[in-house]
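One structure is given below, encoded as structure tokens.
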Amino acid sequence: MTVNLLGLDARRLQTFCAGLGEKPFRAQQLMRWIHHAGVDDFGAMTDMSRPLRERLALQAMITAPRVLRDTTAADGTRKWLLDVGTGNAIESVFIPEEKRGTLCISSQAGCALACTFCSTGHQGFNRNLTAEEIIGQLWLASRALRAPDAHTGEVRTARSAVRALPACAAQGGEVRTAQIAVGDIGKGAATERPISNVVMMGMGEPLANFDNVVTAMRLMLDDHAYGLSRRRVTLSTAGLVPGIDRLRDECPVSLAVSLHASNDELRNELVPINRKYPIKALLAACLRYVDVAPRGYVMFEYVMLTGVNDSVIQARELAALVKDVPCKLNLIPFNPFPGVQYERSSPGAIDRFREVLMQAGLIATVRKTRGDDIDAACGQLAGQVQDRTRRTRHREGELAQ
């Protein structure tokens, strides 16, 4: 049975190499070829002996999910639809900015938490993604964004790739791979990546797939793989309290919490997991996490729904709720999708809400909507999910009545 090396972190890759009779440094070589250079052909790994490369070709593979569709929005936001088998497809989104490029990664095919304002939650749930399917999203995006310039043949640097993103969209849904000289690995523009930040904010609840997500994040943080700092890897959760505590102990990265309400009654409706882990327990977990948080605070995400959670009274209630937690608040204008009843709060309502928070001494920002013309904005990712929860069938029955 061949092993997919794409999802193996340093410890697991060393174990694999030991099974081949090789020393630990071989694992570091493999990680650099796979993740730094984006190489999936063992024959191209020319600093390894030919017999080792032949054994690797027989016993291992480097395989990421297949790209079904590659779409670029008017603002340069780029979305990939990726095949993860048995009729399921997930979505990943790259958001380019002048000083950074952020990749939004999915952790599950669907989501079981059923948040009422989220398109993924409306699709139901099929399964957790494997570690190779999670890190494979970063691997594929890195290769695609580092593709040679169509006119010059040169590999773009991080900044130029971000600026020129719309021009580097793949044709026909195929991802173009970068041609990188062996001598360039680890030293120069050829390996400079346009992805500076990763957010686990795509389809699914990351903490419900803890082991695979943490394995993938360890690769993101590993200097022999992607070398991202803990400040630049963010995990977003709807509030699985035991998972927050476990993340604190095993792999502390920047933490974002989908709060979306200022009291339990409303949050029970918007984020049903609140019935199991109410706000008081959630905020206590956030306080415990702050001790190890790379940025020294937790980010609270708050989707703005007109007439639901956007009143001045609710803003004051929210300010009182989080005042003892070192935090920042990110107000997210709601992004609609088919079949949902909510509407986006008006700019004036969002401004008034933010002003109340700031007058209370809190830091509050409004997230800029990106990629909504290709359904790539926050809360719009849906992909294709073979629902095992029967949630979709139940909802269709309700609408038919």
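Any value given below was found using the heavy atoms of this structure, including those in side chains, with hydrogens, waters and symmetry copies removed.
Looking only at side-chain heavy atoms (C-beta outward), Leu20 and Gln59 come within less than 4.5 Å of each other. In this structure, the side chains of Ile279 and Asn274 come closer than 4.5 Å at one or more pairs of heavy atoms. Contact check for Leu207 versus Ile244: side-chain heavy atoms found under the 4.5 Å cut-off. Side-chain contact between Leu331 and Glu301: absent, with no pair of heavy atoms (C-beta onward) separated by less than 4.5 Å. A 4.5 Å side-chain heavy-atom check between Ile62 and Trp139 finds at least one atom pair inside the cut-off. Inter-residue side-chain proximity for Tyr297 and Phe300 is flagged as unmet; no heavy-atom pair is nearer than 4.5 Å. Contact check for Leu221 versus Arg230: side-chain heavy atoms found under the 4.5 Å cut-off. By the 4.5 Å heavy-atom criterion applied to side chains, Leu56 and Leu30 are counted as neighbours.
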Show me the donor-acceptor pairs within less than 3.5 Å that the side chains of residues 246-253 make with the rest of the protein, sequence neighbours left out.
residue, atom, partner, partner atom, Å
Arg246, NE, Glu250, OE2, 2.9
Arg246, NH2, Asp211, OD1, 2.6
Arg248, NE, Arg288, O, 2.7

Would Arg12 and Thr215 satisfy side chain to side chain donor-acceptor pair (under 3.5 Å), going step by step from the backbone distance to the final call?
CA-CA 10 Å; Arg12 291 179 174 88; Thr215 296; 3.3 Å; yes
Determine whether Ile134 and Met200 satisfy the following criterion, side chain to side chain contact (heavy atoms under 4.5 Å, CB included), listing intermediate values before the conclusion.
CA-CA 9 Å; Ile134 297 170; Met200 300 297 306; 4.0 Å; yes
Could you walk me through whether Val366 and Ile332 satisfy the side chain to side chain contact (heavy atoms under 4.5 Å, CB included) test, starting with their C-alpha distance in whole Å, then the side-chain angles of each, then the deciding distance to 0.1 Å, before giving a yes or no?
CA-CA 6 Å; Val366 178; Ile332 306 170; over 6 Å; no
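When only modelled atom types and interatomic distance are considered, Asn268 and Arg275 share no side-chain donor-acceptor pair under 3.5 Å. Between the side chains of Asp47 and Trp33, a donor-acceptor pair is found at a separation under 3.5 Å. A donor atom on one side chain and an acceptor atom on the other are not found under 3.5 Å apart for Glu269 and Thr116. A donor-acceptor contact under 3.5 angstrom links the side chains of Glu355 and Gln359, judged on distance only. In the model, Ser254 has no side-chain atom that pairs as donor or acceptor with a side-chain atom of Arg232 under 3.5 Å. Between the side chains of Glu205 and Thr237, at least one donor N or O lies within less than 3.5 Å of an accepting N or O. Asn212 and Asn128 form no side-chain donor-acceptor contact under 3.5 Å, judged by distance and modelled atom types alone. The closest side-chain donor-acceptor pair between Ser345 and Asp310 falls under 3.5 angstrom.
Of the possible donor and acceptor atoms, none in the side chain of Asp264 sits under 3.5 Å from a partner among the backbone N and O of Pro278. Using modelled atom types, no side-chain atom of Asn309 and backbone atom of Gln314 make a donor-acceptor pair closer than 3.5 Å. Side-chain atoms of Arg53 come within 3.5 Å of backbone N or O of Gly43 as a donor-acceptor pair. At distances below 3.5 Å, not a single donor-acceptor pair connects side-chain atoms of Arg367 with backbone N or O atoms of Asn330. A donor-acceptor pair under 3.5 Å is absent between the side-chain atoms of Asn88 and the main chain of Val84, judged by distance alone. When atom types are taken as modelled, the side chain of Ser106 and the backbone of Glu91 share a donor-acceptor pair closer than 3.5 angstrom. At distances below 3.5 Å, not a single donor-acceptor pair connects side-chain atoms of His224 with backbone N or O atoms of His36. At least one donor-acceptor pair closer than 3.5 Å links the side chain of Arg146 to the backbone N or O of Ala37. Side chain of Ser196 to main chain of Gly101: a donor-acceptor pair is present (N/O by atom type, distance under 3.5 Å, no hydrogens or angles). Side chain of Glu133 to main chain of Thr130: a donor-acceptor pair is present (N/O by atom type, distance under 3.5 Å, no hydrogens or angles).
Closest of all the heavy-atom pairs between Leu58 and Thr2 is O-CG2, 3.5 Å. Nearest heavy atoms, Ser262 versus Leu321: O-CD2, 3.8 Å. The minimum heavy-atom distance linking Ala89 with Leu68 is given by the pair CB-CD1, 3.9 Å. Of all the heavy atoms in Ala261 and Leu318, the pair that sits closest is O-CD1, 4.4 Å. Taking both residues in full, the closest heavy atoms of Leu129 and Ala109 are given as CD2-N, 3.9 Å, listed atom of the first, atom of the second, then distance. The shortest non-hydrogen separation linking Ser142 to Tyr226 is OG-CE2, 4.1 Å.
Among the candidates Asn4, Leu5, Leu6, the single residue satisfying the side chain to side chain contact (heavy atoms under 4.5 Å, CB included) test with Leu8 is Leu5.
Note on residues 212-221: no pairs pass salt bridge (charged side-chain N to carboxylate O under 4.0 Å, His left out), not counting sequence neighbours.
Atoms CD1 and CZ, from Ile95 and Arg78 in turn, are 14.0 Å apart once rounded to the nearest 0.5 Å.
Within 6.0 Å of atom CD1 in Ile313, 12 or fewer heavy atoms from other residues, nucleotides or ligands are found, so the atom counts as exposed in its surroundings.
Here Glu22 pairs with Arg26, Arg55 under the side chain to side chain donor-acceptor pair (under 3.5 Å) rule; sequence neighbours left out.
Using cut-offs of 30° and 60° on the angle between ring planes, the pair Tyr302 and His260 is tilted.
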